[in-house]
Asks: 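Submitted below is the structure of interest, expressed as structure tokens.
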Amino acid sequence: MSDQNCLFCRIVAGEVSADSVFQDERCIAFRDANPQAPVHLLVVPRDHIESLDDAAQKDEALLGHLLRVGARVANEQGLFESGYRTTINTGAGAGQSVFHLHVHILGGRSFTWPPG
Ligand code: 5GP
Ligand code: ZN
């Protein structure tokens, strides 16, 4: 399941380059092109799922996997002591701009709450 018009499907397919830090059979993680923190990674399923809203019951294990990979890459990037923020934007109103589900991992600076 991939969409030729989808940027992240094209990154998954290797048609658009990205600075990858992790890959397995279900997902890839790469550096955000416009980082909002010293470490800003995106964990992206290989299958095209538009948003969290479109994740079905069959995707439950995949969703858990994306979060566990997020923790793994965050720790590999040295964020274990400082902590990191994990974000999924769902819908344009919440800031989603690429409509292929992805988990943001941000770290290396302090964060405020509530987020902007
Ligand atoms: P969203 O706004 O959908 O939650 O997050 C999309 C993210 O994708 C943004 O943080 C944006 O900087 C990042 N992004 C957009 N285009 C590219 C690209 O071509 N390569 C990479 N590595 N990141 C991208
Ligand atoms: Zn896609």
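Atoms within each ligand, like the ligands themselves, are counted from 1 in listed order. It should be emphasised that the depicted structure is a prediction, and the values quoted were computed from it without experimental measurement.
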Asks: Under 4.0 Å from ligand 1, counting heavy atoms only, is it the side chain of Leu42, its backbone, both or neither?
Replies: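 The answer is the side chain.
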
Asks: Ignoring hydrogens, what is the shortest heavy-atom contact between Leu52 and Leu101? Give both atom names and the distance.
Replies: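 Nearest heavy atoms, Leu52 then Leu101: N-CD1, 3.6 Å.
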
Asks: For ligand 1, which part of Gln36 has a heavy atom less than 4.0 Å away: the side chain, the backbone, both, or neither?
Replies: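 No part of Gln36 comes within reach of ligand 1.
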
Asks: Quick one: pull up CG in Asp53 and CZ in Phe99 and give me the separation to the nearest 0.5 Å.
Replies: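 Answer for the CG-CZ pair, Asp53 versus Phe99, is 11.0 Å.
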
Asks: Any side-chain donor paired with an acceptor under 3.5 Å for Gln77 and Arg31?
Replies: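 Side-chain D/A pair, Gln77 to Arg31: present.
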
Asks: Which heavy-atom pair separates Cys27 from Leu66 by the least distance, and what is that distance?
Replies: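 Shortest heavy-atom separation between Cys27 and Leu66 comes out as CB-CD2, 3.6 Å.
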
Asks: Which bit of Ser97 is near ligand 1, meaning a heavy atom under 4.0 Å away: side chain, backbone, both or neither?
Replies: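 The part of Ser97 near ligand 1 is both the backbone and the side chain.
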
Asks: Heavy atom under 4.0 Å from ligand 1: found in Asn89's side chain, backbone, both, or neither?
Replies: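 Under 4.0 Å from ligand 1, Asn89 contributes side-chain atoms alone.
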
Asks: For His102 and ligand 1, does the shortest N/O to N/O distance drop below 3.5 Å?
Replies: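 Right, the criterion is met.
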
Asks: Quick check: does any side chain N or O of His65 sit under 3.5 Å from a backbone N or O of Ala61, one acting as donor and the other as acceptor?
Replies: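 No, because the side chain of His65 does not come within donor-acceptor range (under 3.5 Å) of the backbone of Ala61.
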
Asks: Which residue owns the protein heavy atom closest to atom 23 (N) of ligand 1, what's the atom, and how far is it?
Replies: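 Its nearest protein heavy-atom neighbour is Ala33 N, 3.2 Å.
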
Asks: Using atom types as modelled and distance alone, determine if a side-chain donor or acceptor of Glu81 lies under 3.5 Å from a backbone N or O of Leu79.
Replies: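 No.
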
Asks: At less than 4.0 angstrom from any non-hydrogen atom of Val98, what atoms of ligand 1 do you find?
Replies: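 The atoms of ligand 1 under 4.0 Å from a heavy atom of Val98 are 3 (O), 6 (C).
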
Asks: Under the ring-ring contact (aromatic ring centres under 6.0 Å, His included) rule, collect the residues that match up with Phe8, sequence neighbours excluded.
Replies: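 Scan of Phe8 (ring-ring contact (aromatic ring centres under 6.0 Å, His included), adjacent residues dropped) gives Phe30, His102.
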
Asks: Rounded to the nearest 0.5 Å, what separation is found between the OG atom of Ser2 and the NE2 atom of His48?
Replies: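 Spacing of OG (Ser2) from NE2 (His48) equals 9.0 Å.
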
Asks: Check each of His104, Arg10, His100, His40 against atom 4 (O) of ligand 1 and report the one with the nearest heavy atom.
Replies: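 Nearest heavy atom to atom 4 (O) of ligand 1 lies in His104.
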
Asks: Considering only heavy atoms of Asn34, which atoms of ligand 1 have at least one such atom less than 4.0 Å away?
Replies: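 Going through ligand 1 atom by atom, the ones under 4.0 Å from Asn34 are 12 (O).
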
Asks: I want to know if ligand 1 touches Gly95 in the polar sense, i.e. an N/O pair below 3.5 angstrom.
Replies: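 By distance alone, the answer is yes.
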
Asks: Could you work out, for atom 14 (N) of ligand 1, the closest of Asp32, Val44, Val16, Ile11 by heavy-atom distance?
Replies: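 Selected option, by shortest heavy-atom distance: Asp32.
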
Asks: Donor-acceptor pair, Asp59 side chain versus Ala56 backbone, under 3.5 Å?
Replies: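 Present.
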
Asks: Under 4.0 Å from ligand 1, counting heavy atoms only, is it the side chain of Leu7, its backbone, both or neither?
Replies: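 The part of Leu7 near ligand 1 is the side chain, not the backbone.
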
Asks: So which bit of Phe30 gets within less than 4.0 Å of ligand 1, heavy atoms only: side chain, backbone, both or neither?
Replies: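 Under 4.0 Å from ligand 1, Phe30 contributes side-chain atoms alone.
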
Asks: Would you please name every residue forming a salt bridge (Lys or Arg N to Asp or Glu O under 4.0 Å) with Arg26, sequence neighbours left out?
Replies: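 For Arg26, no residue satisfies salt bridge (Lys or Arg N to Asp or Glu O under 4.0 Å) once neighbours in sequence are set aside.
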
Asks: Tally of protein N/O/S atoms under 2.8 Å from the Zn ion (ligand 2)?
Replies: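 Step by step: take the Zn ion (ligand 2), keep protein N, O, S below 2.8 Å, and you get 4.
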
Asks: Has the side chain of Arg46 got a donor or acceptor atom that lies under 3.5 Å from a matching backbone atom of Asp24?
Replies: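 Indeed, once roles are kept as given, a pair shorter than 3.5 Å links the two residues.
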
Asks: To which protein heavy atom is atom 22 (N) of ligand 1 closest, and what is the distance rounded to 0.1 Å?
Replies: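 Looking at atom 22 (N) of ligand 1, the protein heavy atom closest to it is Arg31 O, 2.9 Å.
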
Asks: Can you sort out which atoms of ligand 1 are near Phe8, meaning under 4.0 Å from one of its heavy atoms?
Replies: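 Reading through ligand 1 atom by atom, the close ones are 8 (O).
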
Asks: For residues 88-97, run the donor-acceptor check on the side chains, cut-off 3.5 Å, and write out each pair with its distance to 0.1 Å, sequence neighbours left out.
Replies:
| unit_1 | atom_1 | unit_2 | atom_2 | d |
| --- | --- | --- | --- | --- |
| Gln96 | OE1 | Gly91 | N | 2.8 |
| Gln96 | NE2 | Glu50 | O | 3.0 |
| Gln96 | NE2 | Val98 | O | 3.0 |

Asks: When only distance counts, is Gln96 in polar contact with ligand 1, meaning an N/O pair under 3.5 Å?
Replies: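 N/O-N/O distance under 3.5 Å: no.
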
Asks: Once rounded to the nearest 0.5 Å, what's the spacing between atom CD1 of Ile105 and atom NE2 of His40?
Replies: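 If I round to the nearest 0.5 Å, the distance is 9.0 Å.
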
Asks: Find out whether His104 and Arg85 are in side-chain contact, i.e. whether some heavy atom of one side chain is under 4.5 Å from a heavy atom of the other.
Replies: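 Counting from C-beta outward, His104 and Arg85 never come under 4.5 Å.
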
